[in-house]
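Following: one structure in structure tokens, then a few remarks.
Chain letters run A, B, ... following the sequence lines, proteins first and then strands; every chain starts at 1.
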There are 2 protein chains.
Amino acid sequence: MKYIEKLRNSGLRPTKQRLQICEVLFNTDKTFHFTINELEQKIKKQTNNKISLATVYNTVHAFEKKGYLKQIPINSSEAYFDTNVSDHHHFYDLKEEKLIDLENSDVGPINILKKINGKKIKSVEVLVKLED
Amino acid sequence: MKYIEKLRNSGLRPTKQRLQICEVLFNTDKTFHFTINELEQKIKKQTNNKISLATVYNTVHAFEKKGYLKQIPINSSEAYFDTNVSDHHHFYDLKEEKLIDLENSDVGPINILKKINGKKIKSVEVLVKLED
DNA sequence: GAGTAGTTTATAATGATTCTAAAAAAGTGT
DNA sequence: ACACTTTTTTAGAATCATTATAAACTACTC
Ligand SMILES: [Mn+2]
Ligand SMILES: [Mn+2]
Ligand SMILES: [Zn+2]
Ligand SMILES: [Zn+2]
């Protein structure tokens with residue numbers, strides 16, 4: 001199975017629960033954005049199986065650390081994650097509280113002119129807030 | 001006093017506590033970034049006076065709503081606010097957990113090519129994460 | 001000054017996230 | 001398969017930032 005490698009790379013053994021989480025996260029062409037609670041709901045629906053919240057949190061964080069998921073910087077009471085780990089940007093619809101992908105080509109090149117001594121750039125992320 | 005107007009514009013009466021909060025927030029040439037807890041500490045030091053957390057939260061939120069403060073979108077357990085309400089961007093030093101201003105001129109123009117039907121752009125914010 | 005509406009405060013409630021420790025499962029060697 | 005060790009899952013508790021509450025206090029109006 002293709003998920004076993006992802007799990008092992010993340011330092012996790014391929015257990016039944018973790019493979020189910022992988023199914024929901026990665027068994028789709030489309031990438032998507034989610035909160036932990038949305039993910040838990042999706043797992044319950046898609047697999048008719050409840051996985052404890054702690055396991056969902058742990059697995060998501062391990063994938064995030066390894067780079068198989070990323071967290072989107074946003075002001076919300078809940079953390080938003082993204083299965084699209086390519087460099088890209090986001091609209092945030094304030095009314096709907098939903099993220100929408102913005103490809104790099106939708107934004108154009110961003111050149112950071114200022115430098116900070118002894119630090120290097122890890123990521124550059126654009127958040128475009130939308131209102132009606 | 002210059003703060004009375006800011007407070008009235010925000011729908012707040014100029015009370016002793018709120019004026020003290022204004023002193024700490026606005027009585028300086030330099031703008032700065034803060035969390036609610038950092039602000040509370042600053043108030044205690046600068047005015048030798050404890051103001052209840054609820055009042056600090058309420059006042060900050062009223063100023064934010066009116067546009068005298070803004071919140072910076074970032075993944076942190078605490079919300080970060082900015083007394084610099086001009087359009088600008090940020091470095092985020094992951095090690096120090098500190099924000100650093102990036103002026104618009106340090107980033108260059110950003111042109112969002114994608115449009116979302118029925119929505120308009122409220123803000124465009126760039127977050128540049130820094131590591132060692 | 002009396003009356004009213006807004007404010008402050010301590011404290012409680014909420015809710016996302018993290019921690020804990022016991023039970024369950026998986027891996028290892030024989 | 002069995003005994004033994006290590007990892008994992010889980011329910012529930014703990015944490016902590018934020019928000020809500022409601023009683024005491026203060027500011028504004030007439
Ligand atoms: Mn994380
Ligand atoms: Mn706010
Ligand atoms: Zn995305
Ligand atoms: Zn700033």
From the candidates dT10(D), dA20(D), dA17(D), the one with an atom nearest any side-chain atom of A54(A) is dT10(D)
When rounded to whole Å, the CD to P distance for the pair E40(B) and dC16(D) reads 15 Å
Would a 4.5 Å heavy-atom cut-off, applied to side chains only, mark K95(B) and E131(B) as touching?
no
Taken to the nearest whole Å, CD/Q20(A) to C1'/dT10(D) is 14 Å
Taken to the nearest whole Å, CD/E78(B) to P/dT15(D) is 17 Å
Margin query: With a 4.0 Å cut-off on N to O distance, would you call K129(A) and E125(B) a salt bridge?
Written below: yes
Regarding the side chain of K50(A), the nearest nucleotide among dA11(D), dT18(D), dT9(C) is dA11(D)
So, OP1 or OP2 of dT7(C): does either fall under 4.0 Å of a side-chain N or O from R18(B)? yes
In whole angstroms, the gap separating C1' of dA5(C) from CZ of R8(B) amounts to 14 Å
Whole-Å distance, N58(B) CG to dT8(C) P, equals 8 Å
Walking DNA chain C from its 5' end, the first of L53(B) and H61(A) to be reached, judged by nearest nucleotide, is L53(B)
The nucleotide from dT8(C), dT9(C), dT10(D) with an atom nearest the side chain of I51(A) is dT10(D)
Atom NZ of K44(B) and atom P of dT9(C) are separated, to the nearest Å, by 13 Å
### Query
According to a strict under-4.0 Å criterion, is Q17(B) in side-chain N/O contact with OP1 or OP2 of dT26(D)?
no
Regarding the side chain of S52(B), the nearest nucleotide among dA11(D), dT8(C), dA16(C) is dT8(C)
Q) Between K119(A) and D93(B), is there a side-chain N and carboxylate O pair less than 4.0 Å apart? A) yes
Closest to the side chain of Y57(A), out of dT7(C), dA17(D), dA16(C), is dA16(C)
Whole-Å distance, F81(B) CZ to dA17(D) C1', equals 11 Å
note: E38(A), atom CD; dT17(C), atom P; distance rounded to Å ~ 11 Å
Against the side chain of R13(B), the closest entry in dT18(D), dT9(D), dT7(C) is dT7(C)
For T55(A), report the nucleic acid contact type (base, sugar-phosphate, nothing); a contact means any heavy atom under 4.0 Å. base
Has T15(B) got a side-chain N or O lying under 4.0 Å from the OP1 or OP2 atom of dA27(D)?
-> no
Checklist line | N84(A)/E103(A) under side chain to side chain contact (heavy atoms under 4.5 Å, CB included): CA gap, chis, key distance, verdict | finding: CA-CA 11 Å; N84(A) 178 354; E103(A) 295 310 320; 4.3 Å; yes
**Asked** Is there side-chain contact between I112(A) and F91(B), with heavy atoms separated by less than 4.5 Å?
**Response** yes
5'-most contact on DNA chain D (nearest-nucleotide basis), L12(A) vs N37(B), goes to L12(A)
Between K98(B) and E38(B), does any NZ, NE, NH1 or NH2 come within less than 4.0 Å of an OD or OE carboxylate oxygen? yes
**Prompt:** Within the pair K16(B) and dT7(C), is there a side-chain N or O less than 4.0 Å away from OP1 or OP2?
**Reply:** no
